[in-house]
J.: 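Let me give you the structure first, and then I'll get to my questions.
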Amino acid sequence: MKRLILVGGGGHCKSVLDATLAMHEFDDIVITDPDIPAGNEIMGYKVVGSDEILPELKEKGYHYAFVTVGSIKNTLVRRELVNKLESIGFQFPVICDPSAIVSPTAIIGKGTFIGKRAVLNSEVKVGEHCIINTGAIIEHESVVGDYTHVSIGAIACGNCNIGKNCFLGAGSTLIQGIRVGDGSVVGAGAAVTQELSGECTAVGVPAHVC
Ligand SMILES: CC(C)(COP(=O)(O)OP(=O)(O)OC[C@H]1O[C@@H](n2cnc3c(N)ncnc32)[C@H](O)[C@@H]1OP(=O)(O)O)[C@@H](O)C(=O)NCCC(=O)NCCS
């Protein structure tokens with residue numbers, strides 16, 4: 001019996017739940033959320049309580065947990081949740097929607113979500129606890145750091161190096177070989193043509209730091 005807890009019951013949880021169900025890997029799935037009353041259901045799956053119930057669930061045989069809180073701009077909440085789950089001893093699966101196209105040479109870290117129709121091409125490396133959202137494309141040999149969220153339809157062309165805790169907005173593009181430093185935020189629709197040093201926000205076409 002493989003039991004999974006989804007931690008966070010918002011919109012991102014629904015995307016992850018969809019992918020999880022399509023994977024057919026877990027026999028029992030429950031959700032925790034501090035703001036949704038226990039007993040409520042999300043897409044037919046039970047909210048069983050808030051974060052305080054996590055140690056009890058571990059005792060009951062839920063060995064896998066997955067953070068389903070989304071992140072825009074800041075990854076702090078996701079990082080704190082992962083630390084809490086790690087301290088209780090949970091394992092983190094990779095959840096990859098079956099419609100995603102993942103090269104056999106791509107490497108994906110634990111706790112990472114790969115959404116519908118995302119593409120990870122040859123020798124891509126995606127870190128731990130990342131979100132590679134619906135339709136995002138990570139081209140050959142690119143690297144994505146831990147906790148980074150590559151949002152809907154964003155494109156990293158070949159050989160890009162994206163740091164930790166970054167956010168690439170919906171439909172943004174990094175041209176080939178671009179380096180994006182840790183904590184960078186790229187606005188929706190931006191075209192990044194020059195290195196971003198990190199801890200900055202860049203918007204526009206071509207992107208400028210604002
Ligand atoms: C870049 C972004 C993070 C900035 O958010 P913010 O810090 O709240 O900034 P503001 O909305 O206050 O905007 C600051 C300025 O940048 C401009 N701006 C914001 N986002 C922009 C974008 N994507 N492209 C061009 N300009 C943008 C604003 O018009 C504003 O300009 P002004 O100072 O001349 O008025 C945000 O606008 C964005 O693009 N988010 C991505 C959303 C997304 O991809 N969601 C998918 C979720 S899965």
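FYI, the numbering just counts along the sequence from 1. Remember, it's 1-based here, ligands and their atoms both numbered in the order they're listed.
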J.: Any N or O of Lys73 that comes nearer than 3.5 Å to an N or O of ligand 1?
T.: yes
J.: Please verify whether a non-hydrogen atom of Ser151 lies at under 4.0 Å from ligand 1.
T.: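 Under 4.0 Å: yes for Ser151.
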J.: Yes or no, since that's all I need: does a protein heavy atom fall within a distance strictly under 4.0 Å of atom 33 (O) of ligand 1?
T.: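 Within 4.0 Å of atom 33 (O) of ligand 1, no protein heavy atoms are found.
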J.: Tell me, do Ile138 and Val144 make a side-chain contact under 4.5 Å, heavy atoms counted?
T.: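 SC-SC contact between Ile138 and Val144 confirmed.
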J.: Any donor-acceptor pair under 3.5 Å linking the side-chain atoms of Asn159 with those of Gln176?
T.: no
J.: Looking at atom 15 (C) of ligand 1, would you say a protein heavy atom lies below 4.0 Å from it?
T.: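 Protein heavy atom within 4.0 Å of atom 15 (C) of ligand 1: absent.
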J.: Looking at atom 22 (C) of ligand 1, would you say a protein heavy atom lies below 4.0 Å from it?
T.: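 Yes.
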J.: Consider every N or O of Val203 and every N or O of ligand 1, then say whether any pair is closer than 3.5 Å.
T.: no
J.: How about atom 41 (C) of ligand 1: does it have a protein heavy atom within less than 4.0 Å?
T.: yes
J.: With heavy atoms of Ala170 as the reference, note each atom of ligand 1 found under 4.0 Å away.
T.: 43 (C), 44 (O)
J.: In ligand 1, which numbered atoms sit nearer than 4.0 Å to a non-hydrogen atom of Val185?
T.: 3 (C)
J.: Using a 4.0 Å cutoff against the non-hydrogen atoms of Ile152, which atoms of ligand 1 qualify?
T.: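 Counting atoms of ligand 1 from 1, those under 4.0 Å from Ile152 are 48 (S).
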J.: Does the protein put a heavy atom less than 4.0 Å from atom 48 (S) of ligand 1?
T.: yes
